[in-house]
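Structure record follows, encoded as structure tokens.
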Amino acid sequence: MKRLFHKRIIRELCCNLWRYLALFLMIALGMYIIISVVGAAETIITGTERAARQTMPEDGQFTTFLPLTEEQEAAIADSGVILERSFYFDIKMADGSLLRAYRLRQRTDLALVDTGRLPVQGNEVFLEKRYCAEHKLSVGSRVEIGSCVVTVTGIGSVPDYDLPVAKFSDPAANSFLFGIAFFPDEQYELLAGDGYSVEYCYTYRLDGSLSHDGLKELIRGFDFEPDNALVSFVRAEDNCRLRAAAGDMRMNKSVGLLAGIIVMVLFAYVISVFVIHRLQREAAVIGTLYALGVRRREILGQYIALPVMVSLLGSLSGAMFGFGRFGLPFQMAATYGYFSVPEFEPVYPLYLILYAVVMPPVVSAAVNFFVINRKLSGTALSLMRNAQRSGGGGPALKKAGFLRRFQIRQMYREMRAGITVIAGMLIALLIFMMGLDCAVLCRNVETDSAETTRFEFMYLLKEPPESVPENAEACYVELLSKVYHGYTMDVSVIGIGSANPYYGAVPEQGKGKVVAGASVAQKYGLEKGSRLILTSRESDTDYVFTVTEIADYAAGLAVFMEIDSMRELFGRSDGYYNMLLSDTALTLDGRRVNAVTTKEDIVRSSAVFIELMRPMVLMLTVASVIVFLAVMLLMLNVMIERASFGISLIKIFGYRTGEIKKLYLGGITITVFLGAVIAIPVSKLAIDRLFPWLIANTSCGMNLEFPPYLYAVVFLGVMAGCFAVNRILTCKLERISPAEVLKNRE
């Protein structure tokens, strides 16, 4: 009997080869995407952990207004803290980019060399890899940096600039505009003498004898020189630049594993529909086998074996391609093109191999068991008479015409296939809407940033001039932070006057009142009257604000206060300011300026999102179209096969192919139409709710609105796919012969 069952499995596979081949390709494609995405994420995460053993990444960093004294540094070292000076200054290059100059480090955040070597002489430099890629620099290139011309001796990365952004509050990395350079001591001192504003940053590693808070209290207890103070204190877990790639990949890993299970359940259910169709076709044979003493579990195993085999082979093939040359490396290319990390060796974790090998066949077996088992519960006599339920005749429709009654009852009879089509359409739309939201968000970030940035130059000052320069607007800015979905984001609190021409905000007086920028409101779900809690990293103080209005400002995360109220809140003197806005370039002492940002810089930085997300948008779009068309084609094909006797019969009565198409395929068109009307807004709402969690580590707004015509475009795309599938299946209708009705049937 087992040999007979094996022959029947082979015969079923040969008779429906194209159907099972399509299912095989769908499963292989789904598993390829999931394994490549999750495998790439695991490679980046594991590679970052392994690289940390060589690079000695910091546990945190702090900045002071003036350098610490040798006695203060010694006091910190005596407390069991590995402390290193990481002083830097920014150099404006001839092409408009910003190059941040450091000394070579010895104790923390060590450089990993991809090509070349570290510099040893005064006219040599080590450059960060993403900056070199954007500026077409290689080992041996001669570069003019400041007043010196130096030779690039090495290219690589450093752990504290995984995400190469100049400020923690920058929404995205643009490596054409910003890079890192490391010099030997002699060359660093030579450049620093040209009058740049030096940032006195210290990185540290803890040995367990002192905590972050303990170190902060130790620093606060120092007897600082006049005008010196702790400016910032950032722990490693709050540093968006540190381990940024691994943090981004953890989200990809979680979403990918969950998506794989959901998609596999859908494919398994699609397979079960085919198996049920086969059961109904072979009911008499099954009844005969029951009468001969064959047990249900043996028959059940026969019908489950082929779906499990197809699932296993499909998942294995997809996993092989996912782990292969066109899988992991392709997915990691986007990471290497944005983050500044070494090129890691691919890893093949055991759990992911087991996921690819075990999960698909187990899910397929489980779904098919629960769906098929009930169909085999009839008696031997009822099965031999082929007394299977057909789904009923449907509701009474006395007033409807013949065509409409037939379509509705056909839909009722094929409810299982209809539900599967809608489920497939919903999953496809969720995938498609995720890609569409990515594209819309990137476009909105670029356009909103350009439209709401009204200044041409922004100067962040270390020491403000005694009087505000002509044609400039003085502002006061403080960086506070907010933890959101496990990520710490910097929010700029900007103090402005009531007549500030550069921000579309008019804040009220009061130490607890702010006007929220549009990006902050979108990201944190704020509206008028909401409470916003922000934290100072330096003082560990929580500030509770009430949002009085929402301002039209989207270039970064910012809220606005009345400047005098803000000075009072943070204990500043009357007239204090540390930021200047202007329509024209200002002439300022370079030592007084921390950073200069232009409107062009903001627009170019926001535009990087589009280039970054384009491969993902394309992949999600293609995958969604394939899932939708494949599920619909397979389900409608089964419906036609199941109705072949009825189609043959009405052909004898003279019905033409076009009329038969309306009777048997018109109902599914209505199903798709109604399903699309419901599923499109539902998928948009679901992805909009999910998106803040997916990009919680990005310092940008969440403007996911797109024009109403896009809904119409998506709807027309769904219906076009439906009509294309109908057109393909019309050929199958034409091939059904009227002689089909003359066959012997119970």
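Keep in mind that the numbers below use all heavy atoms, side chains included, and drop hydrogens, waters and symmetry copies. Bear in mind the structure is a predicted one, so any value in this text is a computation, not a measurement.
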Test log, rule salt bridge (Lys or Arg N to Asp or Glu O under 4.0 Å), inputs Glu124 and Arg117: CA-CA 10 Å; Glu124 297 178 342; Arg117 59 172 175 80; 2.8 Å; yes
Partner of Tyr188 by ring pair (Phe, Tyr, Trp, His ring centres under 6.0 Å), out of Phe182, Tyr196, Phe89: Phe89
Spacing of SG belonging to Cys148 relative to CG belonging to Asn123, to within rounding of 0.5 Å: 9.5 Å
Value rounded to 0.5 Å, distance of CE in Met249 from OG1 in Thr335: 3.5 Å
Tyr524 six-ring face occupied by Lys482 cation (under 6.0 Å, within 45°): yes
Cationic tip of Arg100 above Tyr161 ring, under 6.0 Å, 45° of axis: no
Quick test of your reading of the model: are [X] and [Y] salt-bridged, counting only N-O distances below 4.0 Å?
X: Glu473; Y: Arg454; result: no
X: Arg243; Y: Asp162; result: no
X: Asp109; Y: Arg241; result: no

ring-ring contact (aromatic ring centres under 6.0 Å, His included) between Tyr576 and Phe570, worked out: CA-CA 11 Å; Tyr576 176 82; Phe570 291 99; over 10 Å; no
Without hydrogens or angle criteria, can the side chains of [X] and [Y] be said to hold a donor-acceptor pair below 3.5 Å?
X: Thr108; Y: Glu84; value: yes
X: Thr584; Y: Asn471; value: no
X: Tyr476; Y: Arg567; value: no

Stepwise ring-ring contact (aromatic ring centres under 6.0 Å, His included) test for Phe126 and Phe183: CA-CA 7 Å; Phe126 175 86; Phe183 299 94; over 10 Å; no
Residues, nucleotides or ligands: over 12 heavy atoms within 6.0 Å of Arg689 CZ: no
